[in-house]
Each structure stands twice: as C-alpha cells, then as structure tokens.
Amino acid sequence: MYSDKVMDHFNNPRNMGEIENPDAVGQVGNPVCGDIMKIYLKIKDNKIEDIKFKTFGCGAAIATSSMVTEMAKGKDLEEALKISNKMVAEKLDGLPSEKLHCSNLAADALQDAINDYLNEKDKENNVSEESNA
Amino acid sequence: MYSDKVMDHFNNPRNMGEIENPDAVGQVGNPVCGDIMKIYLKIKDNKIEDIKFKTFGCGAAIATSSMVTEMAKGKDLEEALKISNKMVAEKLDGLPSEKLHCSNLAADALQDAINDYLNEKDKENNVSEESNA
Amino acid sequence: MERIYFDNAATTPVSEEVFEAMKPYFTEKFGNPSSIYKEAQETAGAIAEAREKVASIIGSDDEREIIFTSGGTEADNLAIKGVAMARKKKGKHIITSSIEHHAVLHSCEYLEKNLGFEVTYLPVDENGFVNPEDVEDAIRDDTILITIMMANNEIGTIEPVAEIGAIAREHNIYFHTDAVQAVGKIPIDVNEMNIDLLSLSAHKLNGPKGVGALYVRKGVKLIPQMSGGAQERKRRASTENVPGIVGLGKAAELAAENMEEKSKKMAEMRDRLIEGIEDNIDEVILNGPRGDKRLPGNVNVCFRYIEGESILLNLDMNGVAASSGSACTSGSLDPSHVLLAIGLEHEVAHGSLRLSLGAGNTMEEVERFLELIPGVIDKLRMMSPLYEG
Amino acid sequence: MERIYFDNAATTPVSEEVFEAMKPYFTEKFGNPSSIYKEAQETAGAIAEAREKVASIIGSDDEREIIFTSGGTEADNLAIKGVAMARKKKGKHIITSSIEHHAVLHSCEYLEKNLGFEVTYLPVDENGFVNPEDVEDAIRDDTILITIMMANNEIGTIEPVAEIGAIAREHNIYFHTDAVQAVGKIPIDVNEMNIDLLSLSAHKLNGPKGVGALYVRKGVKLIPQMSGGAQERKRRASTENVPGIVGLGKAAELAAENMEEKSKKMAEMRDRLIEGIEDNIDEVILNGPRGDKRLPGNVNVCFRYIEGESILLNLDMNGVAASSGSACTSGSLDPSHVLLAIGLEHEVAHGSLRLSLGAGNTMEEVERFLELIPGVIDKLRMMSPLYEG
Ligand SMILES: Cc1ncc(COP(=O)(O)O)c(C=O)c1O
Ligand SMILES: Cc1ncc(COP(=O)(O)O)c(C=O)c1O
C-alpha cells in the first residue's frame with residue numbers, strides 16, 4: 001500500500017523528538033480525528049537550524065512528518081514556507097489516495113510553527129518600536 | 001435423480017406399442033403440458049389379456065406408463081381399477097417430488113381405458129336389454 | 001467410450017491453467033485484501049491484476065469500472081436493481097426483451113412488485129431478434145434503463161446491441177447488456193457499442209463457478225445491492241472471493257487469446273451439427289438464426305412429437321450431456337419462455353434440444369453424436385402417441 | 001522467522017483437508033447441478049451432502065433449511081431484506097444493536113432509505129452486551145424482525161441470543177442472528193436458542209472465501225434477493241458455487257470435531273495474551289468482557305496515545321499480521337462504531353489492536369508476540385505528542 005520511501009520514513013523517522021526551549025512550535029490535527037502533528041523549531045539568522053517532530057497518527061502521518069523535517073532543515077524561513085503537503089507527498093513517491101487528504105498535513109504543521117515564530121517576532125518588534133517611541 | 005427402477009422402465013419399456021382393434025383405449029394429458037399417455041387394452045373374460053401403451057412425455061411419464069402395464073396385465077378389471085398413481089410410483093421405488101403430480105398419471109390412463117370398456121359394455125347391455133324388451 | 005459434453009452454455013470445466021492460477025490463493029496466499037499487512041497486500045495485488053484483465057477483454061481501459069460479483073446473476077441484479085434505485089426519482093420505466101435470462105426478467109419483476117416500477121417486455125421475431133426500432137418506440141419520458149442481452153443462452157441469437165446502445169445514448173438512458181454467453185466468444189467493445197453496464201460470469205468461460213463481474217461505466221451511479229463493508233469501492237460488500245477472482249481474470253485472459261480462430265472452429269462444428277441433424281432426421285425445427293448472428297457454439301432444435309427430458313435421458317445413457325427447454329427441465333409447467341417467445345407451440349417447444357460447444361469439443365465428437373442421435377429420436381417417436389410414422 | 005498470523009477473524013487459510021475435498025469439483029466434476037445427466041448428478045449429490053453437514057453444526061435436522069450464499073454478507077442481506085420485504089404488510093419496524101457488522105447495519109439502512117422501514121439500534125454496555133430487557137422494551141406492534149449478532153467480530157462479546165430468541169418467539173417476531181464469528185467456536189442450537197435465521201461464512205472457519213449460508217427455519221418466508229433461476233428451492237438464484245459449497249461443508253464438519261477442546265486451547269492462548277499485555281504495558285484498556293462470554297480466539301486492546309495503523313505496520317515489519325479498529329483501517333474518518341458504542345473516546349479508540357486466534361496458532365507464537373509488543377508500543381509512544389512518558 002505504501003511506497004518504500006514512506007515505509008523507510010515510517011520505520012526510521014528522521015528528526016523525531018522534542019527541542020527543549022524551541023523558538024517556535026506548530027501543531028495541526030486533533031486526537032478525535034486520529035492525527036496530531038507537532039513541529040518544534042530552533043531558528044537562527046532566519047534559518048531553520050534544528051527541527052523535530054512528534055506525531056500521533058497512522059503510517060502516512062508519521063512518514064510525512066519525518067519527511068517535512070528533512071526538507072525544512074537548514075532552509076531559510078521564506079523557502080521553508082513554500083513547502084506544501086503536495087511536495088511532501090511527492091518526495092515520498094506518493095501516498096495512497098485515501099490518505100492524501102487526511103494524513104498529509106505535515107507541511108501545515110511546519111507553516112504553523114514558522115508563522116508562530118514570525119508572529120512572536122512581530123510582537124517583539126512592535127514592543128521595541130513602542131519602547132522606542 | 002431417478003431410481004434405477006425408473007431408469008430401467010424408461011430404457012426398456014414393457015408393453016410399448018399399440019393393439020390393433022383394441023377392446024378399449026384410455027388417454028390422459030395433453031400436448032400443451034408435455035405429457036400424453038395412451039393405454040390400449042385387449043380384454044377377455046373380464047381380464048386384461050393384453051395391454052400396450054404409447055407415451056409422449058418425460059422419463060417419469062414413460063416409466064410409469066411401462067410400470068402400469070406390467071402391473072395391470074393379467075389382472076381382472078376390478079383389481080386393475082384399484083391400481084393408483086401412488087402404487088405405481090411406489091413400485092418404481094419412488095419419483096422425484098417435482099414429478100409426483102405432473103407425470104404420474106399412468107394409472108389414470110388405465111382407469112380411463114377400463115371405464116371406456118365398461119361404458120361400452122353397459123351400452124351394449126342396454127341395447128340388448130332394449131331389444132329384449 | 002469417452003463421454004461427450006455438449007452443455008457448455010450451462011457451465012464449463014475450469015481449465016487446468018485457470019486452476020493452477022487459482023491454487024496458491026486457497027491455502028497459502030489467503031490474506032484478506034482489505035488489510036494492510038504482507039499477507040493482504042499479495043491478494044490485493046492479485047485482484048488488481050484480475051480486474052485489469054477483465055476490463056481489457058470488453059474494451060474498457062479503466063479497471064475501476066469492474067465490480068466483481070458472485071456470478072452472472074448477481075451482476076444482472078446489481079445492474080438492474082442498482083440503477084433503478086439510483087434513478088427512481090427520474091423515472092420508473094425499464095425496457096427489456098421477452099427472451100432475457102431469468103436473472104434479468106426476475107430482477108425486473110422484483111422492481112415491479114416491490115418498488116412500483118413499470119417494465120416493457122419487447123417481443124422478438126421468429127429468430128429471436130429484438131428490433132431496435134421497437135426499442136426506440138418503447139422509450140418514454142420516464143424510461144431510465146434499457147437492458148437487452150448480447151446473446152441468448154438458449155437459441156444463440158446475437159442481438160443488435162450496438163444499435164440499441166446508440167439509441168439509448170441518444171436518449172440519455174442507461175444501457176445494460178447481459179453478455180454472460182457472449183464474453184470470450186464474440187468481440188465486445190463497451191465504448192464502441194455504447195454499453196453502460198455489462199454482466200459476465202466466469203464459469204461460462206472455463207473459469208470457476210461463483211464469480212462474475214459487472215462493468216459499470218465511469219459516472220454511472222448505482223445503489224449497492226449487497227450492503228455491508230467497503231469492498232469494491234463501496235459498490236459490493238463482502239470479503240473478496242480471491243481465488244475465484246484470480247480464476248476469472250485468468251479465464252478472461254485465456255478466452256481472449258485467438259478468440260476469432262477458436263470461435264471459427266466452433267462455428268464449423270456447430271454448422272456440421274445442424275446440417276447432420278437436418279439431413280438425417282425429419283420434422284426438425286432449427287431455433288434461432290443461421291450464420292454470423294448465431295453464437296458460434298450454439299445449436300438448438302425441436303424434434304416434433306417427443307419430449308425434451310426423455311431425449312436428454314437417452315443421450316445421457318449414450319454418453320452425451322446436453323440440455324433442453326422442456327418444462328420438465330425448466331422446473332416450471334411451461335416450456336422455455338424463449339421458445340414460446342419465438343412463436344413455437346407448446347407441444348413443439350417441449351421437444352427441444354440444446355447442444356452448446358466449448359473449448360474441449362472436437363469434430364470427432366460431433367460425428368459421433370450425429371451417428372447416435374437418429375436412433376434416439378426414432379426410439380422415442382416410436383413410443384409417442386402423436387407420431388404417425 | 002516464521003510469520004505470526006493473528007487475524008483469523010478477518011479471514012483464515014483454507015485447510016489442506018478442505019482444499020482436497022474441493023479439488024475434484026473444479027476441472028473434473030464440474031457439471032451444473034441443475035441438469036439431469038451424469039456430470040450434473042455428481043455435483044448435485046455433493047451439494048446435498050454439504051447441506052446436511054452445515055445444517056448439522058447448528059443443530060438443524062432439516063437440510064432444506066440451509067440456503068447457500070456468496071458469504072456472510074449475502075446471508076445477512078437475504079435474512080434482513082428478505083424477511084422485511086415478505087412481512088412489510090405486517091409492519092415496518094426492525095430491532096438491532098449498534099455493534100452489528102456493517103452487513104447488518106447497512107442492510108437496515110437500505111430498508112430505511114429505500115423502503116420506508118424504521119430501525120431501532122439498541123445501545124450496549126461497556127463490555128458490548130445487549131440487554132435482553134432493552135430488546136423487549138423496544139418491541140412495537142409493527143416489529144417484524146429482531147437481528148442481534150451471536151458474537152461480535154471486533155471485541156468478541158457473546159450476546160445472550162437464547163434469551164433474545166425466547167423473547168422474539170413469545171412475541172411472534174422473527175429472530176435473525178449473525179453467527180459468522182461464532183460458528184465452529186461455540187455451541188449453537190437453532191432450536192434451543194429459538195433462532196429463525198442464522199448467517200455464517202466459510203472463510204472464517206478455514207473454508208473458502210466467497211461462500212456462506214443462511215439458515216432459515218421451516219415456514220419462515222422471505223423474498224429472494226438474488227432474482228433469477230430456480231436454484232436453492234427458488235430462494236437464491238445463480239449457478240451453484242459447487243467447489244465452494246463442498247468446501248464449506250467440509251470446513252463445517254471439521255470445525256465441529258472436538259470443538260470444545262480446540263476452543264479451550266484457544267481461550268488459554270487468548271488469556272495468556274491479555275495477561276502478558278496487561279502485565280508489561282501500562283495504560284492499556286481491554287475491550288470486551290473477560291472469561292466465558294468472550295470468543296475464545298479474540299483479544300482487543302487499546303493502547304493510549306498511539307494510533308492503530310502505525311501499530312499494525314510495525315507489527316507487520318516484525319512479522320505479525322493483526323488488525324485495528326482505527327479510522328485509518330476502517331476506510332472512514334471515524335474509528336470503529338463498535339469501540340465508540342462501548343463508550344471509548346475517539347482518541348482511545350484510534351489506538352486499538354485486535355488479535356484473533358485460529359486453528360494454526362500456538363502458545364509459542366503467543367510468547368513470541370508478547371516479547372515484541374512492548375517495544376512496538378514504546379517506539380510509537382516515544383513519537384507521540386500525547387504521551388508524557
Ligand atoms: C445469459 C445468462 N445470464 C445470466 C446467467 C447467470 O449466470 P450465473 O449462473 O453465473 O449466475 C446465465 C447462466 O446461467 C446466462 O446464460
Ligand atoms: C460478524 C460478521 N458478519 C458478517 C461478515 C461478512 O462475511 P463475508 O465477508 O463472508 O461476507 C463478517 C466478516 O467479514 C463478520 O465478522
């Protein structure tokens with residue numbers, strides 16, 4: 001059912017775990033649906049220096065999470081934001097059609113994490129601007 | 001489907017054919033239903049001296065015709081009239097249930113023949129009685 | 001003496017090659033294809049392969065258009081009841097013919113009795129042909145389905161389905177054809193022939209009993225008739241009959257190989273049988289057409305003055321397996337509805353004999369049969385009170 | 001390392017003995033049992049024999065009460081739709097439970113949607129038991145059928161069918177039970193249990209896929225759902241799947257031999273599995289009851305914080321075939337309706353694992369499984385954002 005690539009990432013997930021004191025965290029899904037993906041980022045100079053994931057979900061959910069971390073690592077934020085769920089699925093040599101829409105959300109989790117970071121920075125900037133004022 | 005006895009009578013029918021100048025003829029069934037049995041009798045001293053049949057019909061129709069001639073031959077008419085379709089079927093070690101009511105009519109043909117004979121005789125007697133009067 | 005099997009329209013033996021293909025799927029490769037582990041993936045793959053083979057022999061290039069069923073009967077039921085229930089808001093009128101297989105006729109009756117449908121049963125001519133003009137004339141505003149068989153199982157008539165398909169398409173009415181007797185015998189192309197739904201059955205083409213398929217053109221909606229699990233893309237529930245499906249796939253593949261050549265050989269035997277019977281026995285009627293519009297393996301004749309079952313019993317004792325449309329073998333009081341529909345009188349229809357040829361038959365068997373049939377007919381006619389001699 | 005097959009509730013391999021019994025009926029003894037010649041009589045005889053065997057393992061002494069079908073799904077469909085259509089003038093209400101197999105639930109929905117029936121879906125308790133009092137309370141004047149399964153396929157609960165049967169009989173309502181998972185595992189007597197209709201399927205008891213049977217008590221009327229020829233005493237049309245039916249007969253016969261002993265052995269393995277899992281893994285929930293009221297071969301547990309499909313994939317890589325009620329394997333967005341019905345939360349139900357034992361399993365396999373399962377669960381929990389460790 002799954003491609004060899006999917007099974008490889010499922011079986012040997014890259015970047016699995018948590019980052020202590022992450023610069024940003026993203027999360028999508030909920031336990032009722034059976035899929036939760038959580039992405040942790042360490043960011044330096046606008047680049048993803050480190051990335052980790054934790055996922056509750058099926059084979060596709062775990063493999064896409066692993067793959068997205070591999071794709072994002074080392075990229076700067078603008079580039080990383082361009083990673084789509086479709087690109088992740090393609091990198092995995094495809095996903096079964098019934099999985100394409102339910103478990104293929106890892107890129108969303110990454111974007112959520114990056115946006116979380118950018119929002120925080122915005123706020124900080126606003127705060128500094130304010131104090132400058 | 002059929003017992004060995006049925007197949008034997010079907011395959012080697014006894015008393016098959018016609019009697020020239022019969023004393024009586026009986027017939028049941030019609031071609032629309034797919035079964036016609038015709039019985040020819042030669043009668044002497046109230047006994048069935050000779051009996052023949054012709055049958056258009058399935059295996060059961062042919063076998064019961066053959067069997068009824070064997071059962072009736074040599075019997076006196078009162079006895080022969082007692083032969084029922086059920087007795088014929090039993091003598092053949094039974095018939096498939098779906099055949100019991102459609103193709104098991106040979107005894108009726110025999111009775112028809114005997115009644116034909118008795119009616120004729122009645123008429124003759126009446127005629128003689130009349131001429132006597 | 002080897003027996004002669006001339007009842008291939010009733011059923012056929014599974015060929016050795018088909019059986020070999022099926023064999024691993026009983027005791028070794030037995031996984032439920034809906035599961036996700038190794039044992040399941042190998043059966044799921046085998047089903048996918050069979051699906052492609054079946055699609056391909058009827059000219060479909062999308063294997064998702066094939067639904068596996070438990071046989072020709074279920075395919076007919078699913079097509080007719082399934083489409084009727086899905087389209088009943090659009091209309092409740094169905095057009096069929098009076099010589100369809102009971103699987104079609106009784107599905108129509110089920111809809112009449114239980115769901116208030118109306119059905120037009122078209123007549124046929126003396127050779128069993130449906131007239132496409134009659135089909136067109138029968139179409140009403142509420143007609144939602146036309147179902148006309150591709151080839152008749154009793155008298156071998158090949159119906160003008162391409163013409164009927166074109167009419168159906170023009171009027172936006174779904175067209176189903178029961179091709180159980182035609183598949184593997186004559187060329188079929190669901191696209192060229194404008195067929196929306198097509199039934200077939202494995203055991204008629206040296207595949208196993210208990211498995212068949214329904215072709216359903218992409219976009220055609222039907223209400224599943226086997227309610228339950230999500231198998232067959234939710235169109236037919238129940239754990240897949242994996243060995244059966246693999247057998248059907250293999251049988252379809254083999255039937256397609258050199259089909260034209262094999263059918264030509266069969267037609268030669270068929271024509272020799274007809275000729276031999278007509279030449280040597282009098283008062284014989286050939287039922288169904290002559291030539292190209294007759295299934296290559298079908299012979300159907302009536303012998304006047306005698307009854308079909310007794311012909312079959314005599315043939316059986318002589319080592320020949322054949323069939324008849326007599327009432328006694330149809331399980332009802334009337335002889336075959338097909339023979340009555342082509343205008344035979346009851347008493348003649350009772351005396352019918354169908355010989356249907358298959359892959360295993362030879363010209364030598366044909367000649368052997370022709371040697372023995374006159375004696376059988378003679379013997380029975382001598383017994384018949386209807387025969388004047 | 002030999003693989004471990006723990007998914008016998010999904011399907012089982014055909015046993016060697018069953019396959020040997022079936023074998024002659026593919027290529028040699030292939031006649032259509034409805035015909036009258038030699039080739040047909042031998043298959044008709046084989047079917048009659050199988051019919052008696054199937055009748056006998058459920059306590060029927062009249063083999064005419066058995067209708068062969070294409071599987072458990074068709075048996076359920078025929079029982080429910082067939083009785084409903086036959087009795088619809090008497091009433092249009094059906095009682096069932098919320099944990100039935102989809103073959104039952106979706107047949108009920110079909111009647112609701114297409115024929116205006118009303119269905120009461122009874123709740124079950126936390127172990128999956130239907131309360132007979134609930135059944136009695138749900139009966140209305142227009143109730144015509146009660147259908148409650150004998151044993152649940154997911155969590156192994158054995159329902160109080162004898163009590164429900166008695167209630168149904170008292171109210172003159174037909175009682176159908178889906179015994180697909182129970183046949184050959186626990187003693188069944190349709191007379192003692194007041195069962196009017198009972199479904200079973202061959203591939204769950206080391207018989208072939210694509211064949212099953214419906215027991216129908218003498219006198220119970222139903223409208224055939226497979227319309228067509230006169231097979232199965234006009235209650236189920238289509239050319240008989242002779243090898244399949246022979247296989248079902250043989251499988252039934254073998255299942256009945258030493259059933260008690262075999263089930264006892266299975267129950268020991270089941271209990272060892274439950275014990276081993278509970279002892280070595282924390283935050284585990286056993287679904288379904290303990291002890292006698294659980295199918296001898298069924299284990300069903302939920303591992304909190306992880307999802308079922310990923311458990312299955314890991315087990316598969318470790319050589320174990322099993323199943324789950326997770327949404328990902330059910331083909332829908334929700335996890336198993338059975339697990340939800342016994343009160344599990346969605347997120348817990350997603351993490352279920354079903355192990356179902358069969359004739360081929362051994363205690364050595366059980367121990368091997370118990371060695372490897374903690375590692376699998378651990379690995380997945382380490383990945384889970386829900387697990388606090
Ligand atoms: C034309 C036709 N349709 C349908 C069927 C039914 O097929 P099956 O017996 O596989 O259900 C048959 C054969 O019995 C047939 O000849
Ligand atoms: C309880 C129950 N009922 C019905 C079925 C359906 O049986 P089949 O797959 O043979 O149609 C199954 C198994 O799939 C089952 O477990």
Side-chain angles (χ1 to χ4, degrees), chain C residues 3 5 7 10-16 19 26-28 30-32 35-40 70-74 76-77 85 101-103 106-107 109-110 114-115 201 203 208-211 223 225-230 237-244 309 312-313 315-316 321 323 329 331, chain D residues 3 5 7 10-16 19 26-28 30-32 35-40 70-74 76-77 85 101-103 106-107 109-110 114-115 201 203 208-211 223 225-230 237-244 309 312-313 316 321-323 329 331:
Chain C
R3 285 181 64 88
Y5 185 73
D7 203 13
T11 194
T12 59
V14 173
S15 74
E16 286 295 342
F19 183 57
F26 291 102
T27 58
E28 300 155 43
F30 66 87
N32 188 322
S35 308
I36 65 171
Y37 39 77
K38 177 179 162 290
E39 287 82 350
S70 65
T73 299
E74 190 186 336
D76 285 341
N77 274 256
M85 290 186 185
H101 190 269
H102 282 139
H106 293 168
S107 289
E109 280 167 25
Y110 176 103
N114 294 295
L115 286 145
S201 181
H203 72 98
K209 293 174 178 61
V211 60
I223 304 284
Q225 297 299 305
M226 204 70 90
S227 310
S238 194
T239 305
E240 296 87 344
N241 176 356
V242 180
E309 193 206 78
L312 298 189
L313 290 171
L315 285 176
D316 186 33
S323 94
T329 64
Chain D
R3 285 180 65 87
Y5 184 72
D7 203 14
T11 194
T12 58
V14 173
S15 74
E16 287 295 341
F19 183 58
F26 291 102
T27 58
E28 301 156 41
F30 67 85
N32 188 322
S35 308
I36 66 170
Y37 39 76
K38 178 177 162 290
E39 287 81 351
S70 65
T73 298
E74 190 187 337
D76 285 340
N77 274 256
M85 290 187 185
H101 190 269
H102 281 140
H106 293 169
S107 289
E109 279 168 25
Y110 176 103
N114 294 294
L115 286 144
S201 181
H203 72 98
K209 294 175 176 61
V211 60
I223 304 284
Q225 297 300 305
M226 204 70 91
S227 309
S238 193
T239 304
E240 296 87 344
N241 176 357
V242 181
E309 194 205 78
L312 298 188
L313 289 171
D316 186 32
S323 95
T329 65

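First the proteins, then the strands, lettered A, B, ... as listed; each starts at 1.
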Residues forming a side-chain hydrogen bond (donor to acceptor under 3.5 Å, both in side chains) with D/Asn241, sequence neighbours excluded: none
For C/Tyr37, all residues meeting side-chain hydrogen bond (donor to acceptor under 3.5 Å, both in side chains), sequence neighbours excluded: C/Ser35, D/Asp7
Return the option, out of [options], with the maximum number of heavy-atom pairs under 4.5 Å with chain C.
{"options": "D/Gly31, D/Ser15, D/Pro243, D/Ser238", "value": "D/Ser238"}
{"options": "D/Pro208, D/Gly229, D/Ala321, D/Ser107", "value": "D/Ala321"}
{"options": "D/Asn32, D/Leu313, D/Val211", "value": "D/Asn32"}
{"options": "D/Ala10, D/Gly228, D/Ser201, D/Ala237", "value": "D/Gly228"}

The reported gap from NZ in C/Lys38 to CG in D/Asp316 (rounded to nearest 0.5 angstrom) is 8.5 Å
Measure the spacing between CD of D/Glu74 and CD of C/Glu74 and express it to the nearest 0.5 Å. 6.0 Å
Toward chain D, the part of C/Phe19 with a non-hydrogen atom under 4.5 Å: side chain
Turns out that what part of D/Ala322 lies under 4.5 Å from chain C's heavy atoms comes down to backbone
If I measure from the heavy atoms of chain C, does D/Ile223 come under 4.5 Å with its side chain, its backbone, both, or neither? side chain
D/Glu240 versus C/Lys209: any side-chain heavy-atom pair under 4.5 Å? no
Which atom of C/Thr73 lies closest to which atom of D/Met226, heavy atoms considered: CG2-CG, 3.7 Å
Nearest heavy-atom pair of D/Gln225 and C/Asn77: which atoms, and what distance? O-OD1, 3.5 Å
Among the listed options C/Ala40, C/Gly210, C/Ala103, the residue most often paired with chain D at heavy-atom distances under 4.5 Å: C/Ala103
Pick from C/Val242, C/Asn114, C/Leu115 with the largest number of heavy-atom pairs that fall under 4.5 Å of chain D: C/Asn114
